[in-house]
Protein chains: 2
Amino acid sequence: MQDQKDLKNAGLKATLPRLKVLSLFENSKERHLSAEDIYKVMLNSGEDVGLATVYRVLTQFEQAGLLVRHHFESGKAVFELNQGGHHDHIVCMKCGRVEEFYDAEIEKRQEAAAAKFGFKMQDHSLTIYGICEKQPCDK
Amino acid sequence: MQDQKDLKNAGLKATLPRLKVLSLFENSKERHLSAEDIYKVMLNSGEDVGLATVYRVLTQFEQAGLLVRHHFESGKAVFELNQGGHHDHIVCMKCGRVEEFYDAEIEKRQEAAAAKFGFKMQDHSLTIYGICEKQPCDK
DNA sequence: GTTGTTGCAAATGATTTGCAGCTGT
DNA sequence: ACAGCTGCAAATCATTTGCAACAAC
C-alpha cells in the first residue's frame with residue numbers, strides 16, 4: 001500500500017509493472033539489480049512485461065528518488081533502493097558481488113579533494129574494485 | 001624509438017597505427033582519451049585508420065600494461081598512459097573533465113574496507129564524481 | 001474519456017568480430 | 001614467405017525511442 005502512495009507521490013500512476021519492480025527491490029535479498037536481472041525475474045514470475053518498460057520504470061524511479069543508479073565496471077547499470085543512508089560500494093570485478101561500507105574519514109577527504117579542484121560533489125558515492133575471495137565468486 | 005622497443009617488448013609488431021596511438025598519448029595535453037577521441041584525431045591527421053583498429057590497439061596496450069582503462073560514468077571507456085605512479089580520479093559528470101589526485105589516508109582506508117569484506121584489491125583506483133565549477137564545463 | 005503507460009520492433013551508441021588483403025620482420 | 005595486422009562491414013550488447021493498443025484515474 002505504501003508503494004502505491006510512493007508512486008502517486010512521484011506523479012506516477014500505480015501500474016502493475018511499476019508496483020512489481022518496487023516490490024522486487026524491497027523483497028530481493030540482492031540489493032543491487034540490473035534491468036536485465038529484473039526483467040528475467042519478472043518473466044519467470046509469469047508477468048507479461050517488456051524489457052523496454054523495465055528500463056523506463058527504472059529511469060523514472062531514479063528521477064523520483066526511489067532508486068539510485070550505479071555504473072560499476074560491469075558495463076551494465078545496477079540500481080538499489082534509495083533508503084537515505086549514504087554509503088559507498090566495493091565491487092568484485094570477477095563475479096559482480098557488491099558490498100556496502102561507510103568511512104567518515106574517506107568522506108571528509110574526498111570532499112576536500114573535490115574542493116581542491118573546484119568540483120562540487122553531487123552525491124558522495126565512490127566505488128572500490130577488487131576480487132572477492134569468497135568461495136563461489138561466480139554467477 | 002623507445003616506443004618501438006616498448007611494442008616489441010610487449011610482443012607486438014611496431015606498426016604505424018600502434019606507434020601513432022602511443023605517440024598521441026605521449027604528446028596530447030589531455031591525459032585521458034577515448035577510442036573515439038583517438039580515432040578522430042588520427043583521421044584529422046590524414047591517417048587511414050579504422051575505428052576497429054583503434055579499439056583493438058587500445059585493448060592490446062591495456063593488456064600489455066602500457067595503458068590503463070577507466071569506465072567513468074560517461075558510458076565510454078577512456079584510457080591513460082600507465083606511468084606507474086598510482087593516483088585516483090575526480091570526474092565532472094557534466095563536461096567529462098578529469099583531474100587526478102592522491103591521498104595516502106584514503107588509500108589506507110580503502111584497503112582496510114576491502115580487507116574487511118574479504119576482497120583483494122587489484123589496483124587501488126577509485127573515482128569521485130562531481131560537477132566542476134570551471135567556466136566552460138562543456139565539450 | 002483523457003492522459004499516461006505498455007509491449008514490441010526498430011534505432012542507437014559503444015565496442016567486438018569475421019574475413020580477405022596488406023605489412024612488418 | 002609467414003604470421004601478425006589492418007580496414008571494412010556485419011554482429012553484439014546495453015539502452016532508448018516511435019508508435020498503436022491499453023489501462024489508470
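Every value quoted in this text rests on a predicted model; they were computed, and no experiment measured them. Every chain is numbered from 1, with letters handed out A, B, ... down the list of sequences.
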Measure from [atom1] on [X] to [atom2] on [N] and round the result to the nearest Å.
X: A/I38; N: C/dG7; atom1: CD1; atom2: P; result: 14 Å
X: B/L7; N: C/dT25; atom1: CG; atom2: C1'; result: 14 Å
X: A/R69; N: D/dA14; atom1: CZ; atom2: P; result: 15 Å
X: B/Y39; N: D/dT6; atom1: OH; atom2: C1'; result: 13 Å
X: B/F79; N: C/dA14; atom1: CZ; atom2: P; result: 14 Å
X: A/K20; N: D/dA24; atom1: NZ; atom2: C1'; result: 20 Å
X: B/K76; N: C/dT15; atom1: NZ; atom2: C1'; result: 11 Å
X: B/D48; N: D/dT6; atom1: CG; atom2: P; result: 12 Å

[X]-[Y] side chain donor-acceptor pair, cut-off 3.5 Å:
X: B/R18; Y: B/Q4; value: no
X: B/H124; Y: B/E111; value: yes
X: B/H32; Y: B/E99; value: no
X: A/E80; Y: A/H89; value: yes

From the candidates D/dA14, C/dT17, C/dT15, the one with an atom nearest any side-chain atom of B/A35 is C/dT15
Proximity to the side chain of A/T53 - top-ranked nucleotide from D/dC5, C/dT6, D/dG7
C/dT6
Looking at [N], I'd like to know if its phosphate oxygens (OP1 or OP2) sit under 4.0 Å from a side-chain N or O belonging to [X].
X: B/T15; N: D/dT6; result: yes
X: B/K8; N: C/dT25; result: yes
X: B/R18; N: D/dG4; result: no
X: B/Y55; N: C/dT15; result: yes

Donor-acceptor pair under 3.5 Å, A/K13 side chain vs C/dT3 base
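Yes, a donor-acceptor pair under 3.5 Å.
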Can you find a donor-acceptor N/O pair under 3.5 angstrom joining the side chain of B/R56 to the base of D/dG7?
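Donor-acceptor pair under 3.5 Å: yes.
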On DNA chain C, check which nucleotide each of B/Q4 and A/L16 is closest to and give me the residue with the more 5' one.
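Looking at the nearest nucleotide for each, A/L16 comes out on the 5' side.
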Measuring from A/I106:CD1 to A/F101:CZ, what's the distance to the nearest 0.5 Å?
5.0 Å
Could you check whether A/L12 gets within reach of a base, just the sugar-phosphate, or nothing at all, counting any heavy atom under 4.0 Å?
sugar-phosphate
